[in-house]
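All of these numbers come straight from a predicted model, not from anything done at the bench.
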Amino acid sequence: MNAFGTLFRISIFGESHGGCVGITIDGCPSGIPVNPGDFTADFNRRRSGSKGTTPRREPDQPVIKTGVFNNFTTGAPLTILFDNTDTRSRDYALLRDTPRPGHADFTARKKFGGYEDYRGGGHFSGRLTLGLVAAGVIAKKIIAPVQVSSEILEVGGKTSIEEAIDAAVEKRDSIGGIIGCKVSRVPTGLGEPFFNSMESLLAHMMFSIPAVKGVEFGSGFAAARMWGSEHNDMFISTEGKTATNHAGGINGGITNGNNIEFRVAVKPTSSIHGKQHTMNMATGQMVDLGIEGRHDTCIALRVPVIVEAATAIVLADMMMLEGIGGRRPGDVL
């Protein structure tokens with residue numbers, strides 16, 4: 001449900017307008033240096049406030065409750081909390097009978113019998129990705145010198161981000177985007193065939209990010225239109241380096257030593273400023289719906305760092321399963 005991983009295991013908790021959100025990391029190796037300032041750079045990349053993002057502003061100050069002593073991880077479960085301070089729950093009170101198109105309002109109510117916290121999307125909110133980014137900061141320390149980077153490739157079908165955002169704001173609508181991710185200095189041999197393949201685990205984590213609707217590795221769907229002679233990556237070194245990387249750094253579900261490369265498709269934000277139509281579940285009648293609250297015009301703008309974090313979490317778990325990553329015996333503190 002809310003947990004992922006085998007050795008490096010994360011559990012995410014909280015609701016968008018509840019008291020807090022956060023994450024617990026079980027199995028984090030001891031001896032990893034951690035202080036609150038380590039999270040600042042990645043949190044700033046996820047933060048709202050720029051053009052095209054929600055005006056909701058949270059301090060995102062990490063409160064490390066357990067698992068760190070004298071600025072090092074102890075090996076015990078590591079729990080990090082974030083208080084919710086900038087909430088406007090009244091904006092969601094009228095949505096109980098009129099679920100928002102594209103949101104989890106309807107499915108959450110059906111699954112949990114109306115007991116779910118519906119404010120701001122509750123447990124389904126992108127607010128909870130803050131915990132993923134926090135775990136990603138720790139995971140990046142464990143997997144070093146492996147490096148994960150991501151970037152926005154396009155939004156709204158355009159490579160000019162500013163142009164696309166301006167058009168969406170003028171139209172009072174929202175747009176999606178595509179994020180590219182690259183992992184360099186990857187050890188060969190991570191992943192297991194079939195159900196724990198590197199692709200399946202990474203895809204599992206990517207689809208855990210709200211608004212992600214597609215993932216493709218290497219040449220992705222374009223591979224279906226290629227000849228085998230085009231798609232095959234020719235080996236050019238005894239270490240496994242290839243001339244091309246159509247496989248995205250993975251063969252048979254196992255990393256081949258080349259860069260892992262994949263792309264993530266992010267849907268348009270479901271909440272828009274224009275009028276929509278939905279069913280009033282109490283009356284059985286179609287009604288106009290005007291959504292209040294504060295929403296991103298393009299949530300994809302804030303997703304790259306989340307993709308990085310999710311990737312690092314998977315790699316930390318896989319590397320620890322192979323006996324690499326984190327503090328090694330004999331390391332000097």
Undergrad: For a quick test of reading the model, state the closest non-hydrogen atom pair linking P187 to M319 and the distance between them.
TA: CG-CE, 4.4 Å
Undergrad: Can you tell if the side chain of R109 reaches within under 4.5 Å of the side chain of P99, non-hydrogen atoms only?
TA: no
Undergrad: Closest approach of S270 and G102, non-hydrogen atoms and distance?
TA: OG-O, 3.0 Å
Undergrad: Nearest heavy-atom pair of S16 and L128: which atoms, and what distance?
TA: N-CD1, 4.2 Å
Undergrad: Parallel, tilted or perpendicular, judged at 30° and 60°: which one describes the rings of F82 and F43?
TA: perpendicular
Undergrad: Can you tell me how far CD of E322 sits from CG of L315, rounded to the nearest 0.5 angstrom?
TA: 12.0 Å
Undergrad: Assigning hydrophobic clusters by single linkage (Ile, Leu, Val, Met, Phe, Trp, Tyr; side-chain heavy-atom cutoff under 4.5 Å), is L321 placed with V314?
TA: yes
Undergrad: Atom CZ in F106, atom OG1 in T98: separation rounded to 0.5 Å?
TA: 13.0 Å
Undergrad: State, to 0.1 Å, how close A300 and I179 come at their nearest heavy-atom pair, and which atoms those are.
TA: O-CD1, 3.6 Å
Undergrad: Apply the side chain to side chain contact (heavy atoms under 4.5 Å, CB included) test between D296 and each candidate in T269, I175, V303, L301; give the one that qualifies.
TA: T269
Undergrad: I'd like to know whether V148 forms a side-chain contact (heavy atoms from CB on, under 4.5 Å) with C181, so could you lay out the CA-CA distance, the side-chain angles of the two residues, the decisive distance to 0.1 Å, and finally the verdict.
TA: CA-CA 7 Å; V148 186; C181 186; 3.8 Å; yes
Undergrad: Salt bridge or not for R302 and E308, using N-O below 4.0 Å?
TA: no
Undergrad: State, yes or no, whether a side-chain contact exists between P304 and I152 at a heavy-atom distance under 4.5 Å.
TA: yes
Undergrad: Flag the pair P268 / D173 as yes when at least one side-chain heavy-atom distance between them is below 4.5 Å, and no otherwise.
TA: no
Undergrad: Could you give me the CA-CA distance, side-chain angles and deciding distance for T278 and R100, then say whether side-chain contact (heavy atoms from CB on, under 4.5 Å) is met?
TA: CA-CA 7 Å; T278 191; R100 297 168 294 174; over 6 Å; no
Undergrad: Are the side chains of I250 and S197 in touch, meaning some heavy atoms are under 4.5 Å apart?
TA: no
Undergrad: Is there side-chain contact between N258 and K241, with at least one heavy-atom pair below 4.5 Å?
TA: yes
Undergrad: Any side-chain heavy atom of V133 within less than 4.5 Å of one from I306?
TA: yes
Undergrad: Sequence neighbours excluded, which residues qualify as side-chain hydrogen bond (donor to acceptor under 3.5 Å, both in side chains) partners of S174?
TA: none
Undergrad: Please answer whether the main-chain N or O of K65 pairs with a side-chain N or O of T79 as donor and acceptor at a distance below 3.5 Å.
TA: no
Undergrad: Answer yes or no: does atom CZ of R96 have more than 12 heavy-atom neighbours from other residues, nucleotides or ligands under 6.0 Å?
TA: yes
Undergrad: Quick one: does D317's side chain have a donor or acceptor within less than 3.5 Å of a partner on F8's backbone?
TA: yes
Undergrad: For the pair M206 and F262, evaluate side-chain contact (heavy atoms from CB on, under 4.5 Å) and give the outcome as yes or no after the intermediate values.
TA: CA-CA 11 Å; M206 293 309 121; F262 64 92; 3.9 Å; yes
Undergrad: When you look at CZ of F235, are more than 12 heavy atoms from neighbouring residues, nucleotides or ligands closer to it than 6.0 Å?
TA: no
Undergrad: Going from OG1 on T297 to CZ on R172, what distance comes out if it is rounded to the nearest 0.5 angstrom?
TA: 10.0 Å
Undergrad: Please report the closest heavy-atom contact between V34 and I138, naming both atoms and the distance.
TA: CG2-CD1, 3.6 Å
Undergrad: In terms of hydrophobic clustering (I, L, V, M, F, W, Y; side-chain heavy atoms under 4.5 Å; direct or indirect links), are V21 and L81 co-clustered?
TA: no
Undergrad: Just how far is it from atom CE of M279 to atom CG of L289, taken to the nearest 0.5 Å?
TA: 13.0 Å
Undergrad: Between N2 and S11, is any side-chain donor less than 3.5 angstrom from a side-chain acceptor?
TA: no
Undergrad: Give me the atom names and distance for the closest heavy-atom approach of D83 to R127.
TA: O-NH2, 3.4 Å
Undergrad: Determine whether I25 and T73 make a side-chain contact, defined as any pair of heavy atoms from C-beta on separated by less than 4.5 Å.
TA: no
Undergrad: Would you indicate whether the side-chain heavy atoms of D42 and R45 approach each other to under 4.5 Å?
TA: yes
Undergrad: Just by modelled atom types, is the N71 backbone N or O under 3.5 Å from a matching donor or acceptor in the N35 side chain?
TA: no
Undergrad: Measure the OG1-CD1 distance between T159 and I178 for me, rounded to the nearest 0.5 Å.
TA: 11.5 Å
Undergrad: From F194 CZ over to N196 CG, what is the distance, rounded to the nearest 0.5 angstrom?
TA: 12.5 Å
Undergrad: State whether the number of non-hydrogen atoms from other residues, nucleotides or ligands found under 6.0 Å of K140 atom NZ is greater than 12.
TA: yes
Undergrad: For F124, check ring-ring contact (aromatic ring centres under 6.0 Å, His included) against everything at least two apart and list the hits.
TA: none
Undergrad: Is F207 reachable from F4 through a run of I, L, V, M, F, W or Y residues, each pair having side-chain heavy atoms under 4.5 Å apart?
TA: yes
Undergrad: If two hydrophobic side chains count as joined below 4.5 Å and joins carry through other members, does V266 share a cluster with I272?
TA: no
Undergrad: F39 and I64: side-chain contact (heavy atoms from CB on, under 4.5 Å), yes or no, with the steps?
TA: CA-CA 11 Å; F39 301 90; I64 302 175; 4.3 Å; yes
Undergrad: For the side chain of S237 and the backbone of E239, is there at least one donor-acceptor N/O pair under 3.5 Å apart?
TA: yes
Undergrad: Indicate yes or no for a side-chain donor-acceptor contact from H277 to the backbone of M286 under 3.5 Å, with no hydrogens or angles considered.
TA: no
Undergrad: Between the side chains of K275 and D288, is the shortest nitrogen-to-carboxylate-oxygen separation below 4.0 Å, so that they form an ion pair?
TA: no
Undergrad: When hydrophobic residues are tied together by side-chain contacts of less than 4.5 Å, even through go-betweens, does F13 share a cluster with I313?
TA: no
